[in-house]
Amino acid sequence: MTDQELVEKAFTMLEKAYIPYSHFPVGAALEGADGTVYTGCNVENAAYGSCICAERTALVKAVSEGCRSFRRLAVVGSGEDYCWPCGSCRQMLYEFAPDLEILVGRGDHQFVKYTLRELMPHGFGPAALG
Ligand code: THU
């Protein structure tokens, strides 16, 4: 699958986003080491602190299905600006895949590519606990 195709998978999730509070849809597509793609969207809640981001939705779907190794993540929004992954999502992803490639998309379907290490230098991960 090309990078653009993974980005397009993330775009298909925008319509699934449950966003009655922010009205800000986010879609994600997380590619496991075996090529399986786990999708996600943001799911909000009346208790705002209980909202979950699209990337973490995809990650917990994957881990709960037994997948713990990942190659690429696409995360997209519908706005003019690139939809950067929040700090909590970077931290959750770092646990499993510090070298993850991250494709960050915006509403016109353009994307930029980074590694998670670039987005989160000196991250705290499992090795820190000895
Ligand atoms: N959001 C994500 O889904 N991923 C991010 O990395 C940034 C923020 C969602 C959470 C909330 O539903 C909405 O965007 C506005 O913050």
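Please read all numbers here as calculations on a predicted model, not as lab measurements. One-based numbering, in listed order, for ligands and for the atoms of each.
- At most 12 non-hydrogen atoms from other residues, nucleotides or ligands lie less than 6.0 angstrom from CD of E80.
- Between C86 and ligand 1, at least one N/O pair is under 3.5 Å apart.
- Residue S22 touches ligand 1 through its side chain alone, judged by heavy-atom distances below 4.0 Å.
- Formation of a donor-acceptor pair under 3.5 Å by the R72 side chain with backbone atoms of L100 is not found in this model.
- Counting protein heavy atoms under 4.0 angstrom from atom 16 (O) of ligand 1 gives zero.
- Residue E55 approaches ligand 1 through these ligand atoms, each under 4.0 Å from one of its heavy atoms: 2 (C), 3 (O), 4 (N), 5 (C), 6 (O).
- E95 and Q91 share no donor-acceptor pair across their side chains, judged by distance under 3.5 Å alone.
- The atoms of ligand 1 that sit less than 4.0 Å from any heavy atom of W84 are 6 (O).
- Within ligand 1, counting atoms from 1 as listed, the ones closer than 4.0 Å to a heavy atom of E44 are 11 (C), 12 (O), 13 (C).
- Protein heavy atom at the shortest distance from atom 9 (C) of ligand 1 is N42 ND2, 3.4 Å.
- In this model, a donor atom of one side chain and an acceptor atom of the other lie less than 3.5 Å apart for E44 and S22.
- In this structure, Y21 does not count as a contact residue of ligand 1, since none of its heavy atoms falls inside 4.0 Å of the ligand.
- Just one residue in the list L6, V76, V112 forms a side-chain contact (heavy atoms from CB on, under 4.5 Å) with L103, and that residue is L6.
- Of the protein's non-hydrogen atoms, the one nearest atom 3 (O) of ligand 1 is A54 N, 2.9 Å.
- Annotation for R117: atom CZ counts as buried by contact number, over 12 foreign heavy atoms lying within 6.0 Å.
- For atom 8 (C) of ligand 1, the closest non-hydrogen atom of the protein is C53 SG, 3.9 Å.
- Within the structure, the closest approach of P85 to ligand 1 falls below 4.0 Å when heavy atoms are considered.
- A salt bridge links K113 and E101; the closest N-O separation between the charged side-chain nitrogens and carboxylate oxygens is under 4.0 Å.
- Between the side chain of K61 and the backbone N or O of T39 there is at least one donor-acceptor pair closer than 3.5 Å.
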